[in-house]
Amino acid sequence: MPHPGRRILGLAAAGLLGAPALARAQAGGALRIIVPFPAGGSNDILARILQPHLAAELGRPVVVENRAGGLGSAGAIETLRAPPDGRSWLLSFDTEATNATVLDLPYRLLEDFIPAGRVATGPLVIAAHAAQPWRNMADLAAAAKAGPIDFATNGTGAIPHLAMLEAEAALGFRLRHAPYRGGFQAAEDVIAGFVPLIGSNLPVLGPALRAGTLRALAVTTAGESPLLPGVRPLAEQGVPGFEAGTWWVLLGPARAPAAAHANMAQALAAALAEPEVRAQVLAQGAEVAPLGPAATRGFLAAEVARWGEMIRRHGLRG
């Protein structure tokens with residue numbers, strides 16, 4: 001098995017990664033939180049909530065940098081190619097677990113990263129543009145059997161895509177998948193009426209749901225979510241036993257100093273304990289759900305195994 005350092009050096013030698021943002025972050029000793037999706041998405045929202053609190057806890061500037069591409073893998077690669085000085089961190093989410101099977105990656109999640117901790121969790125939502133007549137999954141299934149319907153997500157093999165594949169198999173219909181570079185970009189097109197249907201999380205969809213531009217058809221929690229009362233889960237709409245959620249974790253390169261990992265884990269735990277942070281995260285449609293580094297590693301391993309089995313079953317590759 002190649003040593004992690006050789007894999008990262010190989011990325012740099014291949015010319016896949018640039019350095020200007022890293023140089024800016026290093027000036028003045030700033031830390032980077034790399035968001036592996038475009039601005040406006042849930043990772044970006046949570047990173048900017050955490051940014052001032054982590055800076056206060058660590059006593060040094062923290063900058064947020066968006067590095068989109070490859071279902072979040074471009075941001076992960078950027079984090080790993082940085083010098084192993086503890087200054088670069090990745091605020092990732094559930095695609096990191098699915099990418100491990102969907103994509104042919106130059107890194108290994110559980111070997112090349114060490115978690116600082118889990119940040120938050122929340123429900124995924126299947127929602128339609130309000131102009132569409134569908135009120136639930138039965139309505140959607142009937143309509144899809146009568147003609148093609150496009151379904152937007154943040155990427156092939158991402159959990160919203162897998163949730164809909166499970167619903168299609170259980171209810172006997174088929175949609176046309178429309179993968180985007182990020183959930184926010186997918187939501188923009190659905191809100192504009194270019195695509196009728198989307199699967200994403202509440203930080204992305206919440207404003208449009210509250211405004212009435214989108215209508216929630218289902219959530220992916222085991223039961224009704226307190227964050228979206230009145231919306232029935234997929235498990236109660238013909239997809240028995242299905243349960244999934246979105247989650248966010250803060251990761252650091254395994255090559256970084258142990259002291260840097262310990263300091264970030266402590267700072268993250270302190271930030272997530274602050275009532276202001278909890279309230280801000282809840283207002284976005286997620287709930288602070290902290291886990292320490294070891295527990296987060298176990299959580300990630302279980303997610304990689306679970307979704308890997310489903311991805312292989314559906315024959316998906318990016």
Using a 3.5 Å distance criterion without hydrogens, assess whether the side chain of [X] forms a donor-acceptor pair with backbone atoms of [Y].
X	Y	result
T246	L124	no
E287	T121	no
R297	L110	yes
T101	T98	no
N136	L217	no
R118	A289	yes
R215	A130	yes

[X] vs [Y] side-chain heavy atoms within contact, under 4.5 Å:
X	Y	answer
L165	R174	yes
P196	W134	yes
S73	Y107	yes
R60	R87	yes
L291	V249	no
P36	N43	yes

Practice problem: Apply side-chain contact (heavy atoms from CB on, under 4.5 Å) to F113 and T79, showing your working. | Solution: CA-CA 9 Å; F113 286 102; T79 307; 4.1 Å; yes

Just verifying a value: how many Å separate [X] [atom1] and [Y] [atom2], rounded to the nearest 0.5 Å?
X	Y	atom1	atom2	result
D44	Q51	CG	CD	9.5 Å
I198	D150	CD1	CG	12.5 Å
L162	T220	CG	OG1	11.5 Å
D94	L71	CG	CG	10.5 Å
H177	T153	NE2	OG1	2.5 Å
L202	Q284	CG	CD	10.0 Å

Go through the structure and list residues passing side-chain hydrogen bond (donor to acceptor under 3.5 Å, both in side chains) with [X], not counting sequence neighbours.
X	answer
Q132	none
E166	R313, H314
S92	E96
W89	none

Practice problem: In sequence, state the C-alpha distance, the side-chain angles, and the governing distance for W247 and L300, and then conclude on side-chain contact (heavy atoms from CB on, under 4.5 Å). | Solution: CA-CA 10 Å; W247 43 262; L300 290 175; 3.5 Å; yes

Practice problem: For side-chain contact (heavy atoms from CB on, under 4.5 Å), just list the numbers for N201 and F93, CA-CA rounded to whole Å, side-chain angles, deciding distance to a tenth of an Å, and then say yes or no. | Solution: CA-CA 11 Å; N201 54 52; F93 82 147; 3.8 Å; yes

Under 4.5 Å between side-chain heavy atoms, counting indirect links through other Ile/Leu/Val/Met/Phe/Trp/Tyr residues: same cluster for [X] and [Y] or not?
X	Y	value
V195	L140	no
V231	L171	no
L209	V281	no
I126	F194	no
V288	L227	no

Quiz prompt | Test log, rule side-chain contact (heavy atoms from CB on, under 4.5 Å), inputs E78 and R81 | solution = CA-CA 5 Å; E78 169 64 16; R81 58 82 53 201; 3.4 Å; yes

Quiz item: Between G70 and N99, which heavy-atom pair has the shortest distance, and what is it?
Solution: O-ND2, 3.9 Å

Quiz prompt | Shortest non-hydrogen separation from L175 to A144 and the atoms involved | solution = CD2-CB, 3.8 Å

Donor-acceptor contacts under 3.5 Å from residues 256-274 side chains, at least two apart:
unit_1, atom_1, unit_2, atom_2, d
H261, NE2, P253, O, 2.8
N263, ND2, A259, O, 3.3
E274, OE1, H53, ND1, 2.7

Quiz item: Do S88 and R32 get their side chains close enough for a donor-acceptor pair, meaning under 3.5 Å?
Solution: yes

Quiz item: Between S42 and W248, do the side chains contain an N or O donor and an N or O acceptor separated by less than 3.5 Å?
Solution: yes

Quiz item: For residues 227-251, which residue pairs qualify under salt bridge (Lys or Arg N to Asp or Glu O under 4.0 Å), counting only residues two or more places apart or in two chains?
Solution: none

